Protein chains: 2
Amino acid sequence: MRIGKVAERAGVSVRALRYYEEQGLVIADRSPSGHRQYPESAVERVKFIQLLYAAGLTSKAILQILPFLDTLVATPQMTRRLTDERARIRVKIDALTRAHDRLEELIRLAAEYENSPATCSASADVAASHTSPPRH
Amino acid sequence: MRIGKVAERAGVSVRALRYYEEQGLVIADRSPSGHRQYPESAVERVKFIQLLYAAGLTSKAILQILPFLDTLVATPQMTRRLTDERARIRVKIDALTRAHDRLEELIRLAAEYENSPATCSASADVAASHTSPPRH
DNA sequence: CTAGATCCTCACGTCAACGTGAGGATCAAG
DNA sequence: CTTGATCCTCACGTTGACGTGAGGATCTAG
């Protein structure tokens, strides 16, 4: 399969695929004329790479993890890398969840205001508190 | 309060605070000599900014939201901005959750391998599938 | 056989949130 | 009064994952 098709089916740009190769994430054969030739499996591989990119992993971190997908040989280091990244993702999810909840709080306040713009100044302190747990 | 103390108490760098001011996120008074003077409330404000940064909002997006924190006046546009950002954060949480679950899957496989390295090649296909729902 | 689509390799541009000196003024304590 | 800590304003550097031409070769449908 050629690069354009892989890009289309994996939902990434052609440039991105060249970049992935540059980073060692995807290896492509070459046709006699120099065009890249990908196996079918490349599509899934690229989707996996995208999954990890979306989770904030760097190409270097992804490069560390990919060998496991190829060989399924789990050295202790590999297991550590996997659990480390999982932990990092958890931390991010927590941070995002906090931000999400905070915004939800503000959205409730906004809705409250839209219902009665005049009388809402009484709950003005709510916006400032609740950032840290209400003990001070 | 001076910039060093705010930085310390909010858990950010001095440079970051100057950058926030440059972006219009935090307004600081100046002492006669030109040193920035922050009110107590700046600490909470900066923490809030950090919360949104951690959720992937740009300084521009944060700048759109901050007026609500100051005035608690919710125009329809403000409500939309808030709900839009909340939606964006949800999408990110979902992506992170997918990556998290996928890693967990791999970690299970790795643990399985560590218990019996020889007999695990039978489940080699598990690594390739399950990326998209198993219908093909 | 020819044109339009697709591919190739450089290689510089981008964007955001700061980091990192350079060079100098100001502040707080002894 | 002095010295070390803290502050100021430029202003260039950094990092990562690509975007975006430039200039040219190759492929494919009619």
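Here the structure is a predicted model, which is why all the values come from computation and not from measurement. In what follows, every heavy atom counts, from backbone to side chain, and hydrogens, waters and symmetry copies are set aside. Order of the sequence lines sets the chain letters (A, B, ...), proteins ahead of strands, with each chain counted from 1.
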Gap between atoms [atom1] and [atom2], on [X] and [N] respectively (whole Å):
X: Leu51(A); N: dA17(D); atom1: CG; atom2: P; answer: 15 Å
X: Met1(B); N: dA28(C); atom1: CE; atom2: C1'; answer: 18 Å
X: Glu8(B); N: dA5(D); atom1: CD; atom2: P; answer: 15 Å
X: Ile3(B); N: dA25(C); atom1: CD1; atom2: C1'; answer: 16 Å
X: Asp29(B); N: dC7(D); atom1: CG; atom2: C1'; answer: 16 Å
X: His35(A); N: dC27(D); atom1: NE2; atom2: P; answer: 6 Å
X: Gln37(B); N: dC27(C); atom1: CD; atom2: C1'; answer: 12 Å

### Task
Identify, between Pro32(B) and Lys5(A), the residue whose nearest nucleotide on DNA chain C lies closer to the 5' end.
Lys5(A)
Please determine if a side-chain N or O atom of [X] lies less than 4.0 Å away from the OP1 or OP2 oxygen of [N].
X: Ser33(A); N: dC27(D); result: yes
X: Arg30(B); N: dT9(D); result: yes
X: Arg2(B); N: dT6(D); result: no

### Query
For residues 86-97 of chain B, which residues have at least one heavy atom under 4.0 Å from DNA chain D?
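Contacts with DNA chain D under 4.0 Å: none.
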### Query
For residues Arg86(B) and His100(A), is any side-chain donor paired with an opposing acceptor at under 3.5 Å?
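No.
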### Task
Could you tell me whether the side chains of His35(A) and Arg30(A) share a donor-acceptor contact shorter than 3.5 Å?
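Looking only at side-chain atoms, Arg30(A) and His35(A) do not form any donor-acceptor pair under 3.5 Å.
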### Task
Sort out for me which residue in Leu66(A), Leu17(A), Val6(A), Ile49(A) forms a side chain to side chain contact (heavy atoms under 4.5 Å, CB included) with Val26(A).
Ile49(A)
### Task
With sequence neighbours left out, write down each residue that passes side-chain contact (heavy atoms from CB on, under 4.5 Å) with Pro39(A), or none if nothing qualifies.
Ser41(A), Ala42(A)
### Task
State which of dC7(C), dC7(D), dG19(C) makes the closest approach to the side chain of Ser13(B).
dG19(C)
### Summary
Checking dC18(D), dT9(D), dA17(C) against the side chain of Arg36(B) (C-beta onward), the nearest is dT9(D)
NZ/NE/NH1/NH2 to OD/OE distance under 4.0 Å, [X] and [Y]:
X: Arg88(B); Y: Glu85(B); value: yes
X: Arg2(B); Y: Glu8(B); value: no
X: Arg102(B); Y: Glu105(B); value: yes
X: Arg9(A); Y: Glu44(A); value: no

### Query
Are Leu96(A) and Val91(B) grouped together when hydrophobic residues (ILVMFWY) are joined by side-chain heavy atoms under 4.5 angstrom apart?
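In one cluster with Leu96(A): Val91(B), no.
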### Query
Just checking Ser59(A): base, sugar-phosphate only, or nothing, at a heavy-atom cut-off of under 4.0 Å?
sugar-phosphate
### Task
Quick one: label Ser31(B) by what it contacts on the DNA or RNA (base, sugar-phosphate, nothing), any heavy atom closer than 4.0 Å.
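The residue Ser31(B) makes no contact with any strand.
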### Message
side-chain contact (heavy atoms from CB on, under 4.5 Å) for Ser59(B) and Tyr19(B)? Distances and angles first, verdict last.
### Response
CA-CA 10 Å; Ser59(B) 55; Tyr19(B) 176 74; 4.2 Å; yes
### DNA chain C contacts made by residues 15-27 of chain A, counting heavy atoms under 4.0 Å
Arg15(A), Arg18(A)
